[in-house]
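One structure below.
So you know, we letter chains A, B, ... as the sequences are listed, proteins then strands, and number each from 1. Only a predicted model underlies this, so the values are computations on that prediction, with no experimental measurement involved. Computation of the quantities below employed the complete heavy-atom set of this structure, encompassing side-chain atoms and omitting hydrogens, waters and symmetry-equivalent molecules.
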Amino acid sequence: MVDEGVFSILKLNAWYGKKHVLKEVDMTIRANHVTALIGPSGCGKSTFIRCLNRMNDLIPDFRLTGEITHEGMDIYSPEADPIEIRRRIGMVFQKPNPFPKSIYNNIAYGLRIFGVKDKKRLDKAVEESLKKAALWEEVKENLHQNALTLSGGQQQRLCIARAIAVNPEVILFDEPCSALDPIATAKIEDLIAKLKKDYTVVIVTHNMQQAARVSDFTGFFMLGDLAEFDVTEKIFTTPANKLTEDYITGRFG
Amino acid sequence: MTKGPLSRNKLIDRVFKITALVATVVGLVFLSVLIIDILIDGLGRVSWSFLTSFPSRRPERAGILSAIVGTLWVMGLTALFSFPLGVCAGIYLEEYAKKGVLTKLVEINIANLAGVPSIIYGLLGLGIFVRTLALERSVISGALTLTLLILPIIITTTRESLKAIPFSIREASYALGATLWQTILRQVLPVAMPGILTGTILALSRAIGETAPLIAIGALTYIAFLPESVFDPFTVLPIQTFNWVSRPQKGFATNAAAAIIVLLLLTLIMNSIAIYLRHRFQRRIKW
Ligand SMILES: Nc1ncnc2c1ncn2[C@@H]1O[C@H](COP(=O)(O)OP(=O)(O)O)[C@@H](O)[C@H]1O
Ligand SMILES: [Mg+2]
């Protein structure tokens, strides 16, 4: 990885209290590509991805060292504003978490908090993001229905639409399909493959086939170390690290 | 099969069930007797003229107009003061205060304050509002005193309601670039509001029956006029009742029973609103 990426991560270490969960992680994440993060559970994938948009700031005894730059800006420098960072780097969580509001208001929320009041602009953003999230056809008649009445897969696509609506540059996915059935999962995977045209995508998954299907680059985490990071095809065919090979062939994890 | 631990456990279970049933029945029976007794004594007396007359020396001409109006004034003001104050304090403690020794101390104190006997609040109100602030024995002194009384309950309810909101909602909001304040105001508070309102109404329905603190600040027992401003003297339903109960004539005892019916009705209405809100709250939120 010689070329500059949107994210460059240097010697990242992270702790919850005294527990050291990420160790000396270096990674470069390329724009308009899908980067998958795999590894056994508890190895620090979620912690890592949540460092990228400062979501870990919300955890009281979390601490990190090292450097994460996004588009050349150190996102942990004192001048960096976590609010601005999270708007530019969106996130979709493991469990669909729509607000207990209408579909429309779920999506409009992100724009409203940045002062957009114009009804036409909101309508347009709602429609466009629902279309990009492949949900428009299913809900266009019921935009004012409560989002909690949607199925799990629809809720997750709504969460993706909600993230898209604020026009981010990067979308982080933390095991977005682990609570979904195979059909809903397939829809989300299709979607992710399409999203990389407009966005940089980072996805945590513990489903190896999913990583192989959707991603261009794959990082394999093991007990807080980034054991291997390479082009997806290489990771899944000729991994350099014995641990990676054992993991993807299902010998543990 | 008759002597094993299983059959013993079954026996204990049966005994416990019967004990609990008896306890419930005893409670219900006493309550019903009490209510029926009051209804028999006072229901015939509840009439439009009873509701719209001032107290009088002659029991058959006396009414509870000044007490009802006083109760409404005091409760209205109490709600006006205690709700915003309690909710803001609750939000601050739950969302903003740094978790440290000082916050812990404040929290423990608030929890304890909720259990302090109400007469103590009356004495506090007498010292601060009536004397020091020279508000006299006025509607506003009464309302401020009752505000102190229920503030700890509202603060605690607010915090509990905020705590009950799943963290995933906050995460979703922060991940879109919302600030803490936006997240609280637009996502957390609306969902927590039915819970907060329920708690506040229950607190108010406790305050509506309070007599001791208002007697302590010197609320009058005989008022033949309506308060025209918050600085006027007042009486409330429980005090009026208290006054009538202590009279020797039979007619006043009937009046007292009738006033109690009205007070019970008011409390019942408030509690129904609280139950309605809670019901809606539970129905709407299912993650
Ligand atoms: N909020 C937290 N407080 C303390 N420890 C945590 C917290 N979140 C995660 N951990 C610990 O950090 C390690 C890495 O967790 P995580 O990043 O969630 O792993 P993964 O997503 O790969 O399953 C685990 O051992 C987990 O128990
Ligand atoms: Mg995880």
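- Most heavy-atom pairs under 4.5 Å with chain B, from the set A:K101, A:R88, A:E84: that is A:K101.
- Chain A forms the most heavy-atom pairs under 4.5 Å with one residue out of B:Q182, B:K99, B:Q187, and that residue is B:Q187.
- Note: B:T183 OG1 to A:Y109 OH = 4.5 Å, rounded to the nearest 0.5 Å.
- Nearest heavy atoms, B:A175 versus A:M91: CB-CB, 4.1 Å.
- Looking at A:K95 and B:E171, no side-chain N of the basic residue comes within less than 4.0 Å of a carboxylate O on the acidic one, giving no salt bridge.
- Shortest non-hydrogen contact noted between B:A178 and A:I83 is O-CD1, 3.5 Å.
- Of residues 188-201 of chain A, not one residue has a non-hydrogen atom less than 4.5 Å from any non-hydrogen atom of chain B.
- Between A:N97 and B:F167 there is no side-chain heavy-atom pair separated by less than 4.5 Å.
- Between the CG atom of B:L176 and the CZ atom of A:R112 there is a distance of 13.0 Å, given to the nearest 0.5 Å.
- Side-chain contact between B:S173 and A:I113 is absent, with no heavy atoms from C-beta onward closer than 4.5 Å.
- Using a 4.5 Å cut-off between heavy atoms, B:R170 makes no contact with chain A at all.
- Within a 6.0 Å sphere centred on CG of B:L21, other residues, nucleotides and ligands contribute more than 12 heavy atoms.
- Counting heavy atoms from C-beta outward, A:P82 and B:Y174 have side chains that stay 4.5 Å or more apart.
- Among the residues in residues 157-168 of chain A, those with a non-hydrogen atom closer than 4.5 angstrom to a non-hydrogen atom of chain B are A:R162, A:A163, A:V166.
- Atom NZ of A:K120 sits in a sparse spot, with 12 or fewer heavy atoms from other residues, nucleotides or ligands closer than 6.0 Å.
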